[in-house]
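First the structure, in the form of structure tokens, and then the observations on it.
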Amino acid sequence: MNETIYYGDGSRYIYPAMLLSAIVLLLYSFLFRPSISADFLISIGFFAILYYIYVGHKISGGAFLLGIAAITVNLLGAAGLYAHFAFGAVGYDKLVHLISSFAAAYALLEISTEKQMFLRYTFVILMLMGLGALVEINEFIGTAYFGMENGGIFAIGDGLSVIKSDLQRYDTYFDMITNLLGGLMAVSFVMARSRFERHQSMISADSSRMEAM
């Protein structure tokens with residue numbers, strides 16, 4: 001839980017590089033794709049919250065980097081990648097939902113203080129689905145009342161002009177399903193890691209007893 005992230009001797013370049021990237025994206029959004037501006041401003045807020053939680057040692061370096069990845073893939077999507085397919089028929093939008101839901105569930109699992117594992121995992125999945133529902137409502141409002149249609153936090157759909165599969169035709173429903181899959185993947189990963197760590201601890205304990213004998 002208190003894991004720290006080590007950037008090596010080049011750590012002093014990390015935040016200036018992030019700031020420069022943010023400035024470039026902001027200039028690009030205002031000049032070529034104004035609809036990304038709203039996503040960009042929201043992303044700054046998300047990053048500030050994520051960084052505050054990370055500095056307070058509530059989440060690990062791994063969770064922090066996953067959060068940064070989730071923010072970045074959405075911004076790249078709003079900058080134009082939402083209008084592209086991945087693997088033939090899967091819109092980039094679904095990949096963003098999968099990465100973001102995995103990152104959010106992973107961070108929530110670290111923040112949660114519930115000791116009973118079943119309750120902890122259930123709470124995180126339900127919390128994730130609730131947050132996903134709020135995002136879908138936000139997309140509906142952005143598209144229906146503000147005319148945003150290019151993909152991103154404020155737009156329904158993935159920005160693709162040609163519907164190739166039900167993943168696009170029933171976008172909102174499959175967004176929620178993808179969120180659930182991402183959450184279940186995060187829970188499965190944490191469960192597997194916990195079992196592995198317990199197994200390693202048992203091996204170490206057995207080795208220590210053997211040496212003591």
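We use all heavy atoms of the structure for the numbers below, so side chains are in, but hydrogens, waters and symmetry mates are not. A quick note: this is a predicted structure, and the numbers were derived from the prediction, not measured.
Between L119 and F123 there is no side-chain heavy-atom pair separated by less than 4.5 Å. At least one side-chain heavy atom of V96 sits less than 4.5 Å from a side-chain heavy atom of Y92. Side-chain atoms of M117 and R120, non-hydrogen and from C-beta on, do get closer than 4.5 Å to each other.
Every side-chain contact (heavy atoms from CB on, under 4.5 Å) that Y145 has, sequence neighbours left out, goes to F140, I141.
Minimum heavy-atom separation, I68 to L50: N-CD2, 3.7 Å. For the residue pair Y106 and A186, the shortest heavy atom distance occurs at N-CB, 4.0 Å. Looking at every heavy atom in both residues, H97 comes nearest to E136 through CE1-OE2, 3.4 Å. The two residues L128 and G183 make their nearest non-hydrogen contact at CD2-CA, 3.4 Å. Minimum heavy-atom separation, E110 to I59: OE1-CA, 3.2 Å.
At least one donor-acceptor pair closer than 3.5 Å links the side chain of S188 to the backbone N or O of L184. Looking only at distances, a side-chain donor or acceptor of D39 sits under 3.5 Å from a matching main-chain atom of I153.
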Please lay out, stage by stage, how L181 and F102 fare under the test side-chain contact (heavy atoms from CB on, under 4.5 Å).
CA-CA 8 Å; L181 289 175; F102 184 96; over 6 Å; no
message: Before you tell me yes or no, could you show the steps for D175 and K94 under side-chain contact (heavy atoms from CB on, under 4.5 Å), namely the whole-Å CA-CA distance, both residues' side-chain angles and the distance that decides it to 0.1 Å?
response: CA-CA 7 Å; D175 282 352; K94 296 300 175 287; 3.0 Å; yes
* Yes or no on side-chain contact (heavy atoms from CB on, under 4.5 Å) for Y82 and N74, after CA distance, side-chain angles and deciding distance? -> CA-CA 9 Å; Y82 278 124; N74 175 68; 2.7 Å; yes
Next item on the list: Determine, stepwise, if the pair V73 / L95 fulfils side-chain contact (heavy atoms from CB on, under 4.5 Å).
Entry: CA-CA 9 Å; V73 293; L95 295 180; over 6 Å; no
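N179 CG to L131 CG: the interatomic distance, rounded to the nearest 0.5 Å, is 9.5 Å.
When each of R193, M191, M185 is tested with F189 by the rule side chain to side chain contact (heavy atoms under 4.5 Å, CB included), just one qualifies, namely R193.
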